[in-house]
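What follows is a short report on a single structure.
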Amino acid sequence: MIQTVEKIFREYFPIPEERKKTILLVEDEAIIALSETQRLKKNGFKVISAYTADEAVQIATNDYAIDLVLMDIDLGRDEDGTDAAVRILKTRDIPVVFLSSHTEPEIVEKTEKITSYGYVVKNSGETVLIASIKMAFKLYESHLRLKRSEESLKENQELLKATLRSIGDGVISTDELGNITDMNYVAETLTGWSRADAIGEPIERVFKIVNAKTKRRMRNSVDVFSPKEKNMGLENQALLISKSGSEHRVAESSAPIRSEKGYTVGSVLVFRDISKEYNLLENIKESESRFKTVANAAPVMIWVSGLDKKCNWFNQTWLNFTGRSMCQELGDGWAEGVHPNDLEECIQIYSSHFDEREAFSMTYRLKNKNGDWRWIQDNGLPITNESGIFTGFIGSCVDITEAKEALETLAKDLHEREYLYKELQHRVKNSMSMISSIVEIEASRSSNPKLENTLGNLVNRIHSVGNLYEMLYTSNNSHSVRLDRYIQKITENLLNAFQEKTKEISLQLDLNDLEIDVKSAIPLGLILNELVTNIFKYAFPKKQAGKISIRLFKEDSWVNLVVSDNGVPFPKGFRTDYSPGLGLQLVNMLVDQLKGKIQWKLNGEKEVSIRFCNKEEHSDQFIFAKS
């Protein structure tokens with residue numbers, strides 16, 4: 001057989017039987033107690049009997065399974081049922097129904113003062129007794145529900161009071177007529193009214209607000225005729241005048257209080273002191289106003305953007321330049337004026353630096369109000385607030401068209417000058433080569449050995465200077481030369497000039513990379529030429545083998561040029577401060593010209609050391625070249 005859902009449900013989830021109500025029957029007459037017990041059990045009650053007042057109190061206060069006490073009044077000489085009921089009710093909240101043969105008004109009134117669950121006269125019949133007991137149970141259930149509601153209401157009231165005490169806003173509640181029904185501590189503090197004094201007063205008297213500018217009385221947001229929700233805000237111009245006369249700038253909001261059926265039964269007003277926030281807002285507005293005033297007067301174009309990368313403000317200088325309105329430029333509108341060929345790079349630079357919160361500088365062409373493309377130098381900086389939080393970017397722009405054109409013209413002029421300068425170096429080199437060639441021809445035709453020697457020395461000197469101009473011509477630098485390379489050139493030319501005498505002579509060069517200005521390079525080259533020429537001529541007679549060493553190095557602020565050889569010693573009576581020949585005189589003069597020092601080592605291996613100070617007026621002459 002197919003079982004119904006109800007049968008299956010009852011089989012697996014049986015409904016528990018309702019517990020029988022337990023009645024404590026207090027009756028000193030055993031026969032009457034037995035009769036009443038049978039009646040009660042017959043009607044579905046469980047019965048426990050007690051014959052004395054003490055027994056009844058003992059059972060009722062210890063057995064919490066008892067649901068109702070059916071109390072006889074006459075329980076003997078010592079104590080009656082009313083006294084026992086009082087003792088029970090001091091310990092337990094339990095319904096007590098009196099069952100007695102007394103009908104005297106004073107007895108009935110005495111029981112009514114003890115409990116109100118019923119009074120049944122004995123021999124009234126089973127129907128009356130059972131009906132009275134059932135009515136007592138219903139009254140007791142109603143009593144419990146009311147008690148729980150009162151406790152819940154009390155808890156809610158305590159919770160509401162705690163909430164109102166803890167919140168930072170002032171709260172005032174009113175009835176439907178606008179009279180105050182409650183207020184919290186913050187409301188007391190701001191209005192200057194105590195809660196006790198304010199309750200019952202019209203809200204207009206306690207919550208007195210005026211316009212901050214005009215000082216005229218304002219109506220608060222609680223409207224007893226058409227209450228509706230209103231919001232507070234910092235833009236509010238309301239001043240709350242407290243009972244003592246102090247003023248507080250406040251923001252307020254209100255909402256109606258409605259019953260379960262939707263009827264308006266009052267209103268609640270919420271307000272707070274916004275003096276600090278308002279002053280801060282006013283300071284920010286004033287700061288922004290000053291910034292915009294200064295920025296609008298600035299000769300440079302200024303823009304500001306927010307966290308969304310969109311521009312939200314341009315100064316008047318920008319607007320005057322582009323001839324467009326603020327609305328046209330806001331957001332990405334400014335990009336409409338950027339040259340199409342520059343726009344992509346401009347946006348890429350701006351966006352990438354914005355993401356990295358880094359400053360940038362870029363140039364692009366921007367159309368002015370006349371429709372001309374002008375070159376703009378745009379410098380952007382990230383903006384942070386007092387807490388260091390990034391809030392956007394600010395940029396300043398200047399028109400650099402004239403400067404850019406001037407730089408381009410200058411660069412062109414410099415290029416032409418460099419070309420002319422190199423051409424001049426080339427012509428000087430060629431001219432000196434021509435002069436040296438003419439001198440060489442004259443030297444070769446001369447039959448006078450002394451004249452031939454003099455002309456040969458002159459050729460070497462011309463070559464020394466000519467090498468410098470050749471280096472300048474082939475170099476990208478027209479103001480300085482590498483001294484180490486210049487020395488190599490000079491020594492190569494001398495080796496070629498004295499090749500017949502230098503086959504057995506080794507030349508050792510130890511040269512640091514060093515740059516020197518052209519003006520100082522010429523005397524240095526001539527000095528080296530004279531020193532090495534003299535070594536080739538006189539230090540190694542009869543093709544004697546030997547060694548020549550040239551060193552160039554920097555020591556602190558001094559540049560050192562050291563020339564040494566291991567050839568024959570200087571002749572007896574040789575003087576370093578005087579010589580009839582031109583060579584030594586030329587060396588001393590050129591060292592003086594450079595404001596340098598010269599030292600001679602005459603014993604053993606000969607050595608000439610020349611030092612040049614790299615300070616004071618010569619501080620810009622010598623620098624180490626970057627390797």
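Starting from 1, each residue takes its place in the sequence as its number. Because the structure is a prediction, the values reported are computed rather than measured.
A distance-only check finds no donor-acceptor pair linking the side chain of Asp342 to the backbone of Thr363 [under 3.5 Å]. Between the Asp308 side chain and the Gly331 main chain, no donor and acceptor come within less than 3.5 Å of each other. Counting only distance, with no hydrogens or angles, the side chain of Asp67 and the backbone of Lys21 share no donor-acceptor pair below 3.5 Å. Using a distance-only test at 3.5 Å, with no hydrogens or angles considered, a donor-acceptor pair links the side chain of Thr181 to the main chain of Ser173. Looking at Tyr140, its side chain does come within 3.5 Å of a backbone N or O of Asp93 through a donor-acceptor pair. A distance-only check finds no donor-acceptor pair linking the side chain of Arg357 to the backbone of Pro382 [under 3.5 Å].
By the salt bridge (Lys or Arg N to Asp or Glu O under 4.0 Å) test, Glu29 pairs with no residue at all, sequence neighbours left out. By the side chain to side chain contact (heavy atoms under 4.5 Å, CB included) test, Ala84 is found to be paired with Ala53, Val57, Met71, residues two or more places apart in sequence or in another chain being considered. Applying the ring-ring contact (aromatic ring centres under 6.0 Å, His included) criterion to Trp313, with sequence neighbours excluded, gives Phe291. For Arg205, the salt bridge (Lys or Arg N to Asp or Glu O under 4.0 Å) partners at least two apart in sequence or on another chain are Glu201. Listed by chain and number, the residues in a salt bridge (Lys or Arg N to Asp or Glu O under 4.0 Å) with Lys122 are Glu27, Asp72 (sequence neighbours excluded). Glu358 pairs by the side chain to side chain contact (heavy atoms under 4.5 Å, CB included) definition with His353, Glu356, not counting sequence neighbours. In this structure, the salt bridge (Lys or Arg N to Asp or Glu O under 4.0 Å) partners of Glu336, at least two apart in sequence or on a different chain, are Arg324. For Arg216, the side chain to side chain contact (heavy atoms under 4.5 Å, CB included) partners at least two apart in sequence or on another chain are Thr214. A search for side chain to side chain contact (heavy atoms under 4.5 Å, CB included) contacts involving Asn379 returns Ser361, Gln377, Ser396, not counting sequence neighbours. Tyr350 pairs by the ring-ring contact (aromatic ring centres under 6.0 Å, His included) definition with Trp303, Phe354, not counting sequence neighbours.
Taking each heavy atom of Gly306 and Asn312 in turn, the nearest pair found is N-ND2, 3.3 Å. Across Ala187 and Ile172, no two heavy atoms sit closer than the pair CB-CG1, 3.9 Å. Taking both residues in full, the closest heavy atoms of Leu89 and Val96 are given as CD2-CG2, 4.1 Å, listed atom of the first, atom of the second, then distance.
Around atom CD of Glu344, no more than 12 heavy atoms belonging to other residues, nucleotides or ligands sit under 6.0 Å away. More than 12 heavy atoms of other shown residues, nucleotides or ligands fall within 6.0 angstrom of atom NZ in Lys215. Counting non-hydrogen atoms of neighbouring residues, nucleotides and ligands closer than 6.0 angstrom, the CD1 atom of Ile31 reaches no more than 12 such neighbours.
Taking CD1 from Ile199 and CG from Asn179, the interatomic distance works out to 11.5 Å, rounded to the nearest 0.5 Å.
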How far apart are the C-alpha atoms of Arg217 and Glu204, what are their side-chain angles, what is the distance that settles it, and do they pass the side chain to side chain contact (heavy atoms under 4.5 Å, CB included) test?
-> CA-CA 10 Å; Arg217 186 71 180 266; Glu204 294 287 348; 3.9 Å; yes

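Of the charged side-chain nitrogens involved, at least one lies within less than 4.0 Å of a carboxylate oxygen, so that Lys309 and Asp355 count as a salt-bridged pair. For Glu286 and Arg290, the salt-bridge test passes: some basic side-chain N is under 4.0 Å from an acidic carboxylate O.
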Using atom types as modelled, flag every donor-acceptor pair under 3.5 Å from a side chain in residues 124-139 to any protein atom, sequence neighbours excluded.
residue	atom	partner	partner atom	Å
Ser124	OG	Val121	O	2.4
Glu126	OE2	Asn43	ND2	2.9
Ser132	OG	Val128	O	2.8

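Counting only residues at least two apart or on different chains, the side-chain hydrogen bond (donor to acceptor under 3.5 Å, both in side chains) pairs with a member in residues 44-64 are Asp54-Arg87.
Between Phe314 and Trp318, the ring planes lie tilted relative to each other; the angle falls in the 30° to 60° range.
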